[in-house]
Protein chains: 2
Amino acid sequence: MTPPLHLSLAGQAVDVLREQVLTGEIAPGSRVNEVEVAQKLGISRGPLREAIRHLASEGLLTLVPHRGAFVPDATPEDVKALFELRTALECAAAELAASRRTDVDLVRLQEVCAESRRNYKAGQPFPYRLDLAFHQSLLDAARSPRIAEQVRLVQQRVVLLRSALEDDPPHQHASLDDHDELVRAIADGDAAKASAVMRRHLSRVCAQMLTSLNH
Amino acid sequence: MTPPLHLSLAGQAVDVLREQVLTGEIAPGSRVNEVEVAQKLGISRGPLREAIRHLASEGLLTLVPHRGAFVPDATPEDVKALFELRTALECAAAELAASRRTDVDLVRLQEVCAESRRNYKAGQPFPYRLDLAFHQSLLDAARSPRIAEQVRLVQQRVVLLRSALEDDPPHQHASLDDHDELVRAIADGDAAKASAVMRRHLSRVCAQMLTSLNH
DNA sequence: ACCCTGTCAACTGTCGACAGTTGGCAGTTC
DNA sequence: GAACTGCCAACTGTCGACAGTTGACAGGGT
């Protein structure tokens with residue numbers, strides 16, 4: 001049996017709130033009222049406060065003393081700083097993946113790339129889910145739990161900012177190429193190239209995000 | 001006047017607890033009893049719980065459902081994974097510092113190096129404080145707030161593991177040389193070299209930590 | 001018309017108390 | 001003597017209520 005991952009109300013509240021923040025159900029800039037949300041979840045303010053503090057530590061909420069918790073909305077500076085961090089982490093992960101990958105890691109990466117490309121050729125939009133799957137597979141191949149954990153947190157914050165990134169065909173095409181090239185470098189065990197490609201890839205994504213931020 | 005940084009009891013509790021954990025006043029492996037500590041701090045369990053959760057999110061405590069919070073003690077795997085993360089972050093910071101540093105940044109770095117060396121030549125132990133000051137100055141020069149924030153958290157966890165790192169003269173000497181070489185690379189704007197030196201430096205520190213972990 | 005000030009409702013910060021769970025200990029059985 | 005079972009104390013998880021602070025609004029003064 002699956003022993004329920006979160007027994008505690010606080011843990012459940014974290015999951016529900018995270019979902020609502022990431023999907024935009026709670027709009028950026030809006031405030032999280034403790035009593036209101038607590039009633040809506042059917043729990044007391046205690047566990048909810050812990051959940052709010054937890055999400056704040058993940059960067060999904062910002063706390064203002066005596067004012068409450070807010071969903072942060074992104075400034076260009078935030079995006080740049082965030083992508084500098086993401087670049088540092090994922091380039092390192094790409095290097096590690098190039099030197100540590102097993103054959104099954106490689107197969108997994110190639111599978112994800114192939115599925116993304118099938119999807120794209122079929123005219124369907126490149127689902128963000130597959131992009132996440134690619135980066136996740138790369139992290140698995142890197143075998144560095146701490147780095148993987150931090151990347152997950154950063155990606156989460158990126159999701160929070162992501163506007164209409166999915167429906168820009170040129171960008172999607174470039175990303176697919178980047179992924180393929182990344183897999184080739186990792187297959188060759190070329191750490192330097194893997195890092196360089198990742199850096200270029202994230203630089204492109206960051207630029208795309210900055211432009212879509214200015215409408 | 002300095003408007004008190006932490007008005008809230010929870011914030012104060014975070015500071016006090018962090019200090020006690022980092023100094024080893026609360027020994028690794030030991031348990032944090034909520035009612036006991038709350039009474040000792042003269043506060044209620046509510047704010048203390050928030051403080052505990054906050055420190056847990058920083059990695060200074062580990063939570064076990066229905067059992068409480070424990071100070072984690074380090075395994076070699078933890079140390080390696082932690083240093084992989086630290087290397088990713090600080091190498092990136094070194095690269096950025098090499099390309100973004102101002103002259104005042106450079107002076108600051110050189111000052112810290114000079115003071116460290118004076119201290120060392122005077123036969124005094126290389127204070128950990130100066131090592132932190134060096135890395136902090138480097139982060140200032142890198143001008144990447146997110147990376148700096150993450151490095152701070154990782155360094156904190158390293159402090160938690162640090163045993164007798166200060167009183168090993170050969171290691172101290174090597175570290176001083178590393179720092180000097182790093183400053184030269186940053187002065188030259190040589191990002192690649194700065195990154196490489198940082199990687200070697202942290203690799204050495206990690207190895208030292210692993211050996212001192214096995215007594 | 002603008003600004004300054006006093007009041008007030010709403011919300012966060014904090015507390016004490018109750019309920020549910022965990023690990024350990026005593027008692028029993030084989 | 002060892003293993004199993006049932007009980008118990010200690011502690012965490014949760015709740016409802018009180019206190020202090022914040023931002024907004026109304027009212028009066030300039």
Notebook entry, point to check: In whole Å, what is the span from the CD atom of B:Glu36 to the C1' atom of D:dC11?
Noted result: 12 Å
Notebook entry, point to check: A:Val35 has a side chain; which of C:dT14, C:dT12, D:dT12 sits nearest to it?
Noted result: C:dT12
Next item on the list: Measure the distance from CD1 on A:Ile52 to C1' on C:dC11 and round it to the nearest whole Å.
Entry: 12 Å
Margin query: Which is more 5' along DNA chain D, the nucleotide nearest B:Arg45 or the one nearest A:Arg67? Just name the residue.
Written below: B:Arg45
Notebook entry, point to check: When you check the gap from the basic side-chain N to the acidic O, do B:Arg100 and A:Glu84 get nearer than 4.0 Å?
Noted result: yes
Note to self: I need the CG-P distance between A:Leu48 and C:dT12, as an integer number of Å.
What the structure shows: 9 Å
Next item on the list: Please determine, for the side chain of A:Ile43, which listed nucleotide (D:dC15, C:dG13, C:dT12) has the closest atom?
Entry: D:dC15
Item checked: A:Thr75 and A:Asp78: CA distance, side-chain angles, deciding distance, side chain to side chain donor-acceptor pair (under 3.5 Å) verdict -> CA-CA 5 Å; A:Thr75 70; A:Asp78 287 336; 3.2 Å; yes
Next item on the list: State, to the nearest 10°, the angle formed by the axis through the first five base pairs of the helix from C:dA1-D:dT30 to C:dC30-D:dG1 and the axis through its last five.
Entry: 10°
Check: Between atom CZ in A:Phe70 and atom P in D:dG23, what is the gap in whole Å?
Finding: 9 Å
Check: What's the CG-P distance between A:Asn33 and D:dG23, to the nearest Å?
Finding: 15 Å
Note to self: Set out, in order, the CA-CA distance, both residues' side-chain angles and the distance that settles side-chain contact (heavy atoms from CB on, under 4.5 Å) for A:His201 and A:Glu90, then state yes or no.
What the structure shows: CA-CA 10 Å; A:His201 174 56; A:Glu90 292 216 64; over 6 Å; no
Notebook entry, point to check: Taking NZ, NE, NH1 and NH2 as the nitrogens, is one of them in A:Arg108 or A:Asp140 under 4.0 Å from a carboxylate oxygen of the other?
Noted result: no
Checklist line | A:Glu34 CD - D:dA17 C1' separation (whole Å) | finding: 15 Å
Item checked: 4.5 Å side-chain heavy-atom contact, B:Leu161 and B:Leu82 -> yes
Next item on the list: Assign each of A:Gly42 and A:His66 to its nearest nucleotide of DNA chain D by heavy atoms, then name whichever residue's nucleotide is nearer the 5' end.
Entry: A:Gly42
Check: After noting the C-alpha distance and the side-chain angles of B:Ser175 and B:Asp178, does the key distance pass the side chain to side chain donor-acceptor pair (under 3.5 Å) rule?
Finding: CA-CA 5 Å; B:Ser175 283; B:Asp178 286 345; 5.0 Å; no
Margin query: If we count only N and O atoms by modelled type, under 3.5 Å, do the side chains of A:Asn119 and A:Glu115 hold a donor and an acceptor together?
Written below: no
Notebook entry, point to check: Taking the side chain of A:Arg31 as its heavy atoms from C-beta onward, which of C:dG13, D:dG13, C:dC11 lies nearest to it?
Noted result: C:dC11
Check: CD of B:Gln12 versus P of C:dG13: gap in Å, rounded?
Finding: 14 Å
Margin query: Applying side chain to side chain donor-acceptor pair (under 3.5 Å) to B:His54 and B:Glu50, what does each step give before you reach the verdict?
Written below: CA-CA 6 Å; B:His54 185 86; B:Glu50 291 187 2; over 6 Å; no
Next item on the list: Report the distance from atom CZ of B:Arg49 to atom C1' of D:dT12, rounded to the nearest whole Å.
Entry: 6 Å
Check: What nucleotide, of C:dG13, C:dT14, D:dT14, holds the atom closest to the side chain of A:Arg53?
Finding: C:dG13
Notebook entry, point to check: Closest to the B:Leu9 side chain: C:dC15, C:dC11, D:dC15?
Noted result: C:dC15
Check: Is A:Val64 touching bases, backbone alone, or none of the nucleic acid, heavy atoms closer than 4.0 Å?
Finding: nothing
Notebook entry, point to check: Looking across every strand, which nucleic acid part, if any, lies under 4.0 Å from A:Gly46 by heavy atom: base, sugar-phosphate, or nothing?
Noted result: nothing
Next item on the list: Counting heavy atoms from C-beta on, name the nucleotide in C:dG13, D:dC15, C:dT21 closest to the side chain of B:Ser8.
Entry: C:dG13
